[in-house]
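Only one structure is covered here, and it is reproduced in the block below.
Heads up: numbering here begins at 1 and tracks the sequence. Each ligand, and each atom within it, is numbered from 1 in the order the structure gives. Remember, predicted model here, so these are calculated numbers, not experimental data.
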Amino acid sequence: MTGNELREKFLKFFESKGHTIVPSSSLVPHNDPTLLFTNAGMNQFKDVFLGLDKRPYSRATTAQKCVRAGGKHNDLDTVGRTARHHTFFEMMGNFSFGDYFKRDAITYAWEFLTEVIGLPKEKLYATIFYDDNEAHDLWLELTDIPKERIIRLGEKDNFWSMGETGPCGPCSEILIDRGENYRCDAPECAIGKCDCDRWLELWNLVFMQYNRDEKGVMTPLPKPSIDTGMGLERVASVLQDVSSNYDTDLLLKLISYIEGVTGLKYRRDEKGFPFRVIADHARSCTFLVADGVLPSNEGRGYVLRRILRRAARFVKVLGWDGPFLCDMVPVVVELMGEAYPEIKEKQDYIRKVIRIEEERFHETLQEGMKVAGEIIAKVKQGGLE
Ligand code: SER
């Protein structure tokens with residue numbers, strides 16, 4: 001199943017359960033000063049959870065563009081080192097605004113995973129917030145997960161909040177055991193204790209119940225609600241039986257493009273690091289520019305500049321001088337333009353913005369090298385005061 005098919009199946013499944021398919025919101029959360037970029041599917045519904053905004057539906061489903069670079073959920077420096085971190089990724093989610101709660105959220109998730117996309121029941125685990133007996137009993141009642149595969153964890157793992165403030169609540173995650181081949185070397189590698197590729201978190205079901213204010217005080221939301229999130233790239237990696245998100249059809253084409261242009265072969269070990277960084281960053285830069293962010297020295301523009309220049313540095317590591325990332329925009333568009341028409345429509349503009357920034361980066365780098373060269377020469381001549 002391709003990534004595009006998976007996205008489609010997810011949205012259609014929840015539509016068949018009475019959810020309205022709502023388009024992804026912009027990566028720039030214009031009305032929320034607490035947030036740098038949209039980092040989760042629930043962001044566009046924050047005020048609906050808080051009871052400050054009303055929608056014509058009480059159930060929604062989305063495939064949401066997310067960027068986790070800067071702010072509370074920041075993955076920038078991890079990207080490329082692991083099989084599953086990204087600055088840009090897509091989060092599929094279903095939402096209930098005071099409609100259904102834990103029971104239906106668990107039922108739907110189980111049905112989608114085991115019946116619609118056919119994941120093996122015996123490999124699935126559920127984690128719950130340590131004192132959430134209700135969720136524990138529902139997993140037992142509604143699914144085939146036995147008691148020993150329901151794991152109680154603490155706040156760090158099983159309490160989700162959007163940021164320092166805002167809607168939050170205990171959560172329950174569904175993990176898949178990818179088997180011995182994926183285990184790490186840690187002697188205590190076990191579910192709930194180890195974060196390695198064997199125990200892959202697939203889906204986070206958040207039981208939204210509170211609003212946290214600046215002082216950390218939590219008040220109950222007007223109505224208990226549901227916010228779930230499942231990374232498209234991760235699930236695609238399981239369905240396509242590959243060990244890394246970068247080997248799914250959603251990202252591999254970008255890596256093949258880099259191979260084609262540079263003539264270098266991609267390796268799946270740490271030598272492939274620059275390929276993964278460039279592929280990931282090509283997506284985030286394309287989408288950020290499409291949503292109106294421009295490279296600059298502050299705020300969102302600065303994060304974009306950092307991402308773009310990080311990619312440009314790795315392009316250089318691969319022995320390539322000059323603009324490169326801008327020419328990957330059409331590849332991103334080919335892969336994702338149908339689901340996100342804005343990148344198709346703005347393709348030429350995005351390409352231009354990225355090209356200009358890449359050129360600026362190379363100029364700055366050359367000037368820096370020149371100055372450094374002059375200083376070194378002076379030092380060698382003993383002429384530096
Ligand atoms: N908001 C939760 C998350 O991002 C579930 O969607 O994990």
Taking heavy atoms and a distance under 4.0 Å, where does M162 meet ligand 1: side chain, backbone, both or neither? neither

Just which atoms of ligand 1 are under 4.0 Å from any heavy atom in T228? 5 (C), 6 (O)

Quick check on contacts: which atoms of ligand 1 are under 4.0 angstrom from a heavy atom of M91? 4 (O), 6 (O)

Taking only residues two or more places apart in sequence or in another chain, which ones pass side chain to side chain contact (heavy atoms under 4.5 Å, CB included) with D32? P29, T34, L35, K46, M162

If you measure from each non-hydrogen atom of R68 to ligand 1, which part falls under 4.0 Å: side chain, backbone, both or neither? side chain

Using non-hydrogen atoms of the residue, decide whether E201 is closer than 4.0 angstrom to ligand 1. no

Mind running side-chain contact (heavy atoms from CB on, under 4.5 Å) on F112 and K17 for me, showing each step along the way? CA-CA 11 Å; F112 182 77; K17 306 284 183 197; over 6 Å; no

Checking a contact table here: which protein heavy atom is nearest atom 7 (O) of ligand 1, and how many Å away? N204 ND2, 3.0 Å

When the aromatic ring centroids of Y100 and Y108 are compared, is their separation below 6.0 Å? yes

Can you list the atoms of ligand 1 that are under 4.0 Å from a heavy atom of V206? 2 (C), 5 (C)

Can S161 and R212 be counted as having a side-chain donor-acceptor contact under 3.5 angstrom? yes

Has R198 got its NZ or CZ under 6.0 Å from the middle of the six-membered ring of Y182, at an angle within 45 degrees of the ring axis? no

Is there a nitrogen or oxygen of G229 sitting under 3.5 Å from a nitrogen or oxygen of ligand 1? yes

Is a side-chain donor-acceptor pair under 3.5 Å present for N297 with R305? yes

Nearest-neighbour protein heavy atom for atom 6 (O) of ligand 1, which is reported as residue plus atom name and distance: D227 OD1, 2.8 Å

Is the CG atom of D185 crowded by more than 12 outside heavy atoms at less than 6.0 Å? no

